[in-house]
Every structure is written in C-alpha cells, then in structure tokens.
Amino acid sequence: MIVGQMKKLGASPDWDRLQFTMDPHLSTAVRHVFVTLFEQGLIYRGTRIINWCTRCQTALSDLEVKPVERKGHFYHLKYERTDGGAPLIIATTRPETLLGDTAVAVHPDDERYKGLVGKKVKLPLMNREIPVIADSYVDKEFGSGALKVTPGHDFNDYDIGKRHNLAVLNVFDKAGKVNAEGKQYQGLSVTEAREKILADLATAELLVRTEDHMHSVGVCDRCERIAEPMVSEQWFMNVKPMAEKAIAAVRKGESLTLAEVEKRDDAIKIVPESWTSTYYHWMENIRDWCISRQLWWGHQIPAWYCDKGHTTVSRENITKCATCASARVVQDEDVLDTWFSSGLWPFTTLGWPEKTKAYNTFYPTNVMETGFDILFFWVARMVMMGMHFNEGRVPFKRVYLHAMVRDEKGQKMSKTKGNVIDPLDIIRDYGADAFRFTLSTMAGQGRDVKLSLDRIEGYKAFCNKMWNASRYVLMRLGHVASELPGDPIPKADFKKITGGKPLADWVASNRKDFHPLNKWILAELDRTIVTVDRGLEEFRLNESSQAVYDFVWGQYCDWYIEFSKELLGSAEHAARVGETQVCLMHVLEESLKLAHPFIPFITEEIYQHLPERPGMKQGAPLMLQAFPVAAKQDGTRDIETVSVWKSAIDTLRAFRGENNIPPKARPKVSYEVLDAKVADQFIAGVPFIRALAQLESLAGETGYLRGNPTTGEIISTTAKFFIPLKGLVDVDGELKRVEKDKQATLADIEFTKAKLTKPTFIEKAPKELIDKEKDKLKALENKIGELDHALERLRKLK
RNA sequence: GGGAACAUAGCUCAGCUGGGAGAGCGGCGCCCUUACAAGGCGUAGGUCACAGGUUCGAUCCCUGUUGUUCCCACCA
C-alpha cells in the first residue's frame, strides 16, 4: 500500500532497487552485524530491568515507552517496626508492588529516621521482614521521606537494590498477573491485586489515607497499556562508544556549510540546525539499547542454547553446540528490535558487507530525508552503525528533517485516533501535483504542517493556470488550431528562425538584440532560476516552489503573455514575431523544468505536447532534461524598463477600476513624461501601455487635451496622462480618488521628511540610504504638485 | 524538572543575516475581453501576542511576561 501511495505521489526513486529489511541479503547482513558486535563485546545478554508490555508480551526499548499523565492515587501505608517503635508511614502510587518489596529506604541525612537504619520493618500482608537502608536517592521532602524499595518492578528501586545487594523479587508474570511470590494474591491481575491489597490494608488498619495524585506513567507506544518494569533476560547493545563518534560527526558538520559537508565523509549536517542540540542531548545520555523483542515477526536472534546451558552465537545456523558439541540446541526465540536492521539500511541495501559497485558508488549517501519523530529511532542508529561498520565514514552527509503533517487541529495523525488523512483521498480530490506543491510550500515551517484544503485548492488552480498558459503558447505558435478566424500569426518554424540551433543556444547568443520585453522576461527567468536553485540547495523548498509560482503566474501569465499579444498582433512589431515565438516557447519550457520537481505530472504532460524544435527528440521525457541554468547577463535595465510600463498600466487600471469605467470603453489618452531620465524607456512602452490599459490611443501630448477644460490628469510616478473625462467618469468620484492619492502621498512625504530631518539619522545611516530617501522625497513633492494641479482642474470641471 | 520552537490580515501561512509588512483562500465592486470564470481588473482589511532593552532605525537582535505546541526525563 505504501509503495502504491508513493508511486501515486510521483516519488521517483529507482524502483528496481526496492528492498525490504527481511529480504535474504539484508537478513544475512543483519546476522553478520549481530555476530560481529557480539565478538567485539558490544552485544551481550544480561538480566536487567526493562519495560515490559503485558499485552504485547514483549520487551520495549526506552523509546517505545511514552509518558502519559494519568490520574492516580497516593496511598500512605503503615509499615510496623519489629522493635515496636512508632510505625513508618510510606507513600506509594502502586501499593500492589509491596509484594515484591525487599527494603525500605530513607535519606542518610534524614534526622527523623537516623536511628532506624539497619533495623527491620514488617512488610504488610506478607509476613516478611525487610531492612531499612539509607540511600541518597531518596528525597527527604517527598511524601514521608521513606521509600518502599521494589527492585523487581521499578527502575530506581532496581538501582538502589544493586547498590545495597538487595534481593530482586519478580512478583508478576509476563501477562501481568501476580505469580507464586505473591502468595494469596496469586493469579490476580495488577489492577485486581491493587484493589484487593488496598481492601486488606484497610481491614488491617494499615492504610492511613488516600490522596488524589496526578503522575506520569509509561505506556506502550503500540497499544497504550501501562508498561510494567520487569527484570528479565534480554540482549543488549553497548552503544556508548558509537554514540561518541556519532556526536563528533555532527559537531564537525556544524562548522561547515552544506556545500562543504558534501565534499567529505566524516561530517554530518542536520537541517534545520535547531535539531542538533536535541540530537546531542539524546546521544550524550544514551544507555544500553535493549535489542531483543518477544515478537513473532522480525529477524530471529542468531544465538543458540544447548541443554548444558552453553550459548553459541553464529552467522550460520548450527546443529551442534560450539562449546560441548551437544546436538540438543535450540535457537533463541526472540527477534531483534526492528530498528536494529533499519539502522543498517544505508549500507546493507548497497550490498554490504560485499564491496559492490553500488556500495562503492553510493556510500556515503548525500541526503537523508525523514521526519524528526524518528531522529533517535532511526537516524541516530544509522549514524552509529554506519560509522562503526564503514571505517568511520558517515552513512549520509546531510540530514533534512522535514515538517510533520498533522491534521487540521494540529494533532499528530495516528491510527488509534482515527484522524489519518490518506494521501490517496487528497490525490483523488485535488491531484497529486496540487498536493505535492502544497507540501512543498508548507515545508518551510520548522515543526508541523496543518494540512489546509483551501491551499491545496489554490495550487490546483496553479496547475490549471499552467495548462492554460501552455494552450495559449501553442496557439500563438500556430501548433494548435486558433479559434481566431484569419489569425495572422504564422506557424512558428523554429528550425528556420534559429537556423537549426536549439532554442536555448539561439536565445543565449541573440538575446542582447531582443525586444525589451523579451529581454525582460528572460531576465526574470534568470532571477527565478537562481532563487529556485538556492532554495533546493538549502532545503528551503518553499522558496523554490514559491518562486516558480510567482514567476509563472505573476510575471509570465499576468504580464508577458499579455504583452506578447500586442507584440505578435501588431504590424508595428512584425520583425519581432519569430523572436517572440521563440521566447514564449523557451520560457515556457524552462518554466516546466523549474516546476517539474514540484508538479511532475502536469509538466510532463504539457511537455509531451510541445512542438518539434531543433535539438529536441520528440517524446523525450521532461524528467530527463537538464535543469535550467541562469545566464550570466545583467537584466537590471530591462527589468527597470518594464517596471516603468507596469506602473503606468497599474495607474491607468486603478483609474478605470475605481471609476467603474466599463472594460469596453476605449478612451483616447495622451501622455507627458515627468521623469526625463526614463523618457526613452517610457516611450518604447507606449504601444504596450495602450494595449494593456485598454486605450483607444496613447499619444504624446501636443497641447490639445491639456488645453481642453474637460480633460482629467492621471499621475503615475513617471508620467502624466490626459484623459477626456466628460461622459466617462463621475467627477465627484474621480475627485475622491485623486484626493485619496494625495493624502497617501502627503503621509509619505511627512514620514520621509521626519526621517531626513533627524540629525542622528543623517549622521549614522549609510549614505546610500540617505540619498535614496532624498530622491524619494523629491519625487513625492513633485507628485503632490501634479496632483494639486489635477484636483484644480477637476474642481473647475465640476 | 530540563530543552526546543511558535505567536504576522477573518482563515492557512511566507517574510533567508534590521531601512516604511506579503501570498493564497475568504470579503466588497466591475467584467463570460477568443489561454484561463478553477479566470481578469480594481479594492477593503494588520499598534507583526504583551512589556522593556540595544540601535539613527526593530516584525526581525537581547531580556522578561502571557499563550500554544513538541522533545527529553526514574521523583516514590
């Protein structure tokens, strides 16, 4: 199912290399690792206290036990002294464990109990005497300052017991029932035993009082049943020495850049960096890893026990004990923690321990991309195992911890909570591309993603936009039937236009002579390529996807395509048709490549519809094309030029919009350039401003309109437009619009003036900024003059 | 108990080393203009959680407060 989901999502790994940790080769490698570590003394079998799940009937690692706040009770019990002195009061949350008590502990400095240490108390209900011992673990302030010690069922008590050589009593069996040690309580479950014992204590007047108590208990990660600390025989791995090296590798990576770390094999960089401290903290406090599990599914531990009690650990299955040659051998029934084999993933999947070609080529790998929820479970173990078994070389150079998808309420998805969103459902409703794009833009957050259906909807629209833009391009290239009868645009013959050169090459060598609009869109494309590239390099996927989105929709569709209609449709620019067709095509193609990592399906589909062009094989997949590279050309001037046109168009559109001038109205307008510095640039854009502002005509002002008393003046930053207002607008409405503009401009002036008159600013701010502010002030004051003039005319007109 | 993060427009979120806050969705107005109504154009909407500090200047850096979240931890 998961593989199916990944394919639907468009994940593009080399599926031929799909592997499973239980595959024969990986199983062999797992055995090899286990036996090697055993021989190195890093794996051992021992009796320890571990967390035990009484439902799953298996040992759990520390990581598999989740602390949960539970309401409980704090019971104060009376332990009678054998010397007849005042009884000890002991507080506990788990009275049933008293069955396994082997001591009572007090703090060595506790004046209240000084004389008691070394004496004995009577264990309630059990008819057993246990010693009072002194141990500094005990907190004098907590409860009564006296602690019952149950080494068999409590981690702390186990440690205390070891320090004082106390007996370890197991009173529960693997199913969580009281065993024979519990005498009259045998057979009861933990909960039943607790109730019965409390009742008996009450009867015996040994239960002093009961309080409500909130405390955290460890529950099994899988089934949420309370984990029972139990003493049992398990396999452990000493990970401390490996952890030290694993810490060193990340420390080294901290002082390196992402690019630097890629060139070496002894350092790891974690992104986002804030996770490194978490990683250190865990690694520095790491304890021996309990690796055996009492499950029926997994890699069986390669250890055999003979009838004489000898243990044989072997890479091959054995039939005889290695020590006594007894043929009565039986393999350990336990299996390994699933993360044991997963921790070997980066090298066992490449054929290790054999030095295969794949291994030599791909180890160390470049990027490990996963969720932070398995940073310890998986990532840390891979680092430790990887370095240990590969001559200190790291398994991967960079770790990218992506954000975690949560549900709409921000909760982690889980099967038990039933709030899992199936990616297939989203793909069915919105498409894989929209889903991927959304995840990419949301990946910027450090921690979690609340999946927002509205946003997916928005990116679905983007995919649609891309499709429609492509349709337009194909029409303009004459490769799709235009619905325009008698469309004058010739079918683009790229071979002829570029002389057989690939479009990209032809553009690169000729772009300096292109029309400003074509130069401009190429410059915008270059900028976008740089941004997308940087984002991908630095794992800021949201910046990359956002840059693609903004470029395609905000520049290419909203402006360039609109401009191109004029460029292609007017006889004035007939000489630019071929060049413009190439640019439309080239920029579309490069955009498809930039967008492809995010929306692979639709971009591939569109790509397959693109017409034949020099150097391109029909049917070649987009996925295999080289990623775009930005030209090293300075497009600043072109971007500036077109921004002058855009701002003029914006001003005229705002005038139309706010005055509710119907789109069908085509006013005749004349202009006068206000900023002499941009006069040439402005004049080159006149036909395009006219077209996009939907004007009948736009001509240099000759005095006719200016002299006309019914003419209105529209002020943009670089130019003034004269428009006959009569019958076109409601003069009051236009007065309001210009007045609003004036107020905003005045506020601007005030702000800038305040800045410039502050002596400390003039003294300390960078000169560049001061000059910029001065220029700005001048332009604003100029504009006020023009606005006042416009207002005056409007008032007269009224 | 220790550590980390987050708090920006009604909603979901950008804002990369400090120089007058942006997008999408939603709202309002005008448009079915032949790529696109899953659209176009215009427009409203934010003391950037709160209080201090550093700075000529703070959404951005520092400290504290409040709220939310996550991770780690053996307080009976």
Side-chain angles (χ1 to χ4, degrees), chain A residues 49 62 67 74 90-94 97 105 137-139 141-144 146-150 154-159 213 215-216 218 229 272 274-275 277-278 281-282 285 372-373 375-376 404 406 408 410-412 438 441-442 444-455 457-476 480 482-485 487 534-535 538 540 542-543 546 549-550 554 557-558 561-562 565 650 653-664 694 747-748 751-752 755 758-766 768-769 772-773:
Chain A
I49 185 159
D62 296 347
F74 211 23
I90 293 176
T92 181
T93 54
R94 297 199 58 193
T97 61
Y137 165 77
V138 180
D139 182 352
E141 311 302 322
F142 197 87
S144 65
L147 167 74
K148 60 192 268 318
V149 183
T150 321
D154 184 286
F155 284 86
N156 300 309
D157 295 5
Y158 183 79
D159 289 341
H213 184 60
H215 63 141
S216 87
S274 58
W275 284 103
S277 55
T278 312
H281 185 256
W282 189 75
N285 296 293
F372 55 78
D373 55 333
L375 179 60
F376 305 136
M404 181 88 79
R406 297 177 187 279
E408 266 147 336
Q411 291 182 308
K412 187 171 170 174
T438 308
T441 61
M442 309 279 266
Q445 300 167 74
R447 302 259 158 168
D448 42 76
V449 169
K450 276 188 277 171
L451 209 50
S452 156
L453 296 182
D454 280 346
R455 287 194 68 155
E457 185 80 49
Y459 295 120
K460 183 181 166 190
F462 174 69
C463 295
N464 193 47
K465 188 78 177 174
M466 215 150 181
W467 178 262
N468 284 317
S470 307
R471 272 189 57 207
Y472 166 82
V473 172
L474 295 187
M475 268 183 195
R476 290 286 113 162
V480 163
S482 167
E483 284 141 47
L484 232 177
D487 192 336
R534 197 188 48 209
E538 297 173 1
R540 293 208 293 253
N542 58 315
E543 280 183 24
Q546 200 58 47
Y549 184 98
D550 290 343
C557 291
D558 285 351
I561 282 184
E562 294 308 319
K565 290 174 184 172
D650 281 339
R653 279 176 175 171
F655 163 78
R656 298 185 68 119
E658 292 204 55
N659 282 300
N660 281 340
I661 296 172
K664 287 189 186 92
Q694 317 226 54
D748 251 8
F751 186 89
T752 313
K755 218 177 199 177
K758 207 169 171 183
T760 45
F761 177 77
I762 301 294
E763 276 167 41
K764 304 220 174 171
E768 254 178 288
L769 184 71
K772 211 177 100 192
E773 293 291 323

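Note that the structure is predicted; figures quoted are calculated from it, not measured. Lettering of chains follows the sequences in order, A, B, ..., and the numbering in each one begins at 1.
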A:T441 side chain reached by A:Y459 side chain, heavy atoms, under 4.5 Å: yes
Side chain of A:T760 only, please: which of B:rA23, B:rC56, B:rA76 is the nearest?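 Of all the options, the side chain of A:T760 is nearest to B:rC56.
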Quick check for you: among B:rU12, B:rC31, B:rC36, whose closest atom lies nearest to any side-chain atom of A:S452?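 The closest nucleotide is B:rU12.
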Euclidean distance for [atom1], [N] against [M] (whole angstrom):
{"N": "B:rU54", "M": "B:rC11", "atom1": "C1'", "answer": "36 Å"}
{"N": "B:rG40", "M": "B:rG53", "atom1": "C1'", "answer": "49 Å"}
{"N": "B:rC16", "M": "B:rG26", "atom1": "P", "answer": "27 Å"}
{"N": "B:rG52", "M": "B:rG15", "atom1": "C1'", "answer": "25 Å"}
{"N": "B:rU65", "M": "B:rG3", "atom1": "P", "answer": "13 Å"}
{"N": "B:rU66", "M": "B:rA49", "atom1": "C1'", "answer": "8 Å"}
{"N": "B:rU55", "M": "B:rA14", "atom1": "C1'", "answer": "27 Å"}
{"N": "B:rU12", "M": "B:rG20", "atom1": "C1'", "answer": "26 Å"}

Please classify the nucleic acid contact of [X] as base, sugar-phosphate, or nothing, using heavy-atom distances under 4.0 Å.
{"X": "A:D373", "result": "nothing"}
{"X": "A:F462", "result": "nothing"}
{"X": "A:E141", "result": "nothing"}
{"X": "A:D650", "result": "sugar-phosphate"}
{"X": "A:S216", "result": "nothing"}
{"X": "A:R653", "result": "sugar-phosphate"}
{"X": "A:R534", "result": "base"}
{"X": "A:N660", "result": "sugar-phosphate"}
{"X": "A:D454", "result": "sugar-phosphate"}
{"X": "A:C463", "result": "nothing"}
{"X": "A:K758", "result": "sugar-phosphate"}
{"X": "A:V138", "result": "base"}
{"X": "A:P229", "result": "nothing"}
{"X": "A:K772", "result": "nothing"}

Drop me the distance from [X]'s [atom1] to [Y]'s [atom2], to the nearest 0.5 angstrom.
{"X": "A:L147", "Y": "A:Y137", "atom1": "CG", "atom2": "OH", "answer": "6.5 Å"}
{"X": "A:L453", "Y": "A:E457", "atom1": "CG", "atom2": "CD", "answer": "8.5 Å"}
{"X": "A:R540", "Y": "A:R534", "atom1": "CZ", "atom2": "CZ", "answer": "6.0 Å"}
{"X": "A:D154", "Y": "A:K148", "atom1": "CG", "atom2": "NZ", "answer": "8.0 Å"}

State whether [X] places a side-chain N or O below 4.0 Å from either non-bridging phosphate oxygen (OP1 or OP2) of [N].
{"X": "A:K565", "N": "B:rA35", "answer": "yes"}
{"X": "A:K465", "N": "B:rG40", "answer": "yes"}
{"X": "A:K664", "N": "B:rC32", "answer": "yes"}

Is_stacked (A:F751, B:rG20) at 5.5 Å, 30 deg: yes
Does a distance-only test, which skips hydrogens and angles, find a donor-acceptor pair under 3.5 Å between the side chain of A:R540 and the base of B:rC16?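 Under the 3.5 Å cut-off, the side chain and the base do form a donor-acceptor pair.
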Let me know the distance between [atom1] of [X] and [atom2] of [N], rounded to the nearest Å.
{"X": "A:F761", "N": "B:rG19", "atom1": "CZ", "atom2": "P", "answer": "13 Å"}
{"X": "A:Y472", "N": "B:rG40", "atom1": "OH", "atom2": "C1'", "answer": "15 Å"}
{"X": "A:M404", "N": "B:rC71", "atom1": "CE", "atom2": "C1'", "answer": "11 Å"}
{"X": "A:L453", "N": "B:rC25", "atom1": "CG", "atom2": "C1'", "answer": "12 Å"}

Could you please name the partner base of [N], counting Watson-Crick and G-U wobble pairs only when both distances are under 3.5 Å?
{"N": "B:rG1", "result": "B:rC72"}
{"N": "B:rU59", "result": "none"}
{"N": "B:rC50", "result": "B:rG64"}
{"N": "B:rG24", "result": "B:rC11"}
{"N": "B:rC30", "result": "B:rG40"}

Mapping A:K755 and A:E658 to their closest nucleotides on RNA chain B, which lands nearer the 5' end?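 Its nucleotide being nearer the 5' end, the pick is A:K755.
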Nearest nucleotide by nearest heavy atom, which residue falls closer to the 5' end of RNA chain B, A:E543 or A:G657? A:E543
Under the 3.5 angstrom rule, does the side chain of A:R656 hit a backbone N or O of A:Q694 as a donor-acceptor pair? yes
Shortest non-hydrogen contact between A:E773 and A:T752, atoms and distance: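 Heavy atoms only, the tightest pair is OE1-CG2, 3.3 Å.
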What verdict does the side chain to side chain contact (heavy atoms under 4.5 Å, CB included) test give for A:H215 and A:F74, after you've listed the backbone C-alpha separation in whole Å, the side-chain angles of each residue and the deciding distance to 0.1 Å? CA-CA 10 Å; A:H215 63 141; A:F74 211 23; over 6 Å; no
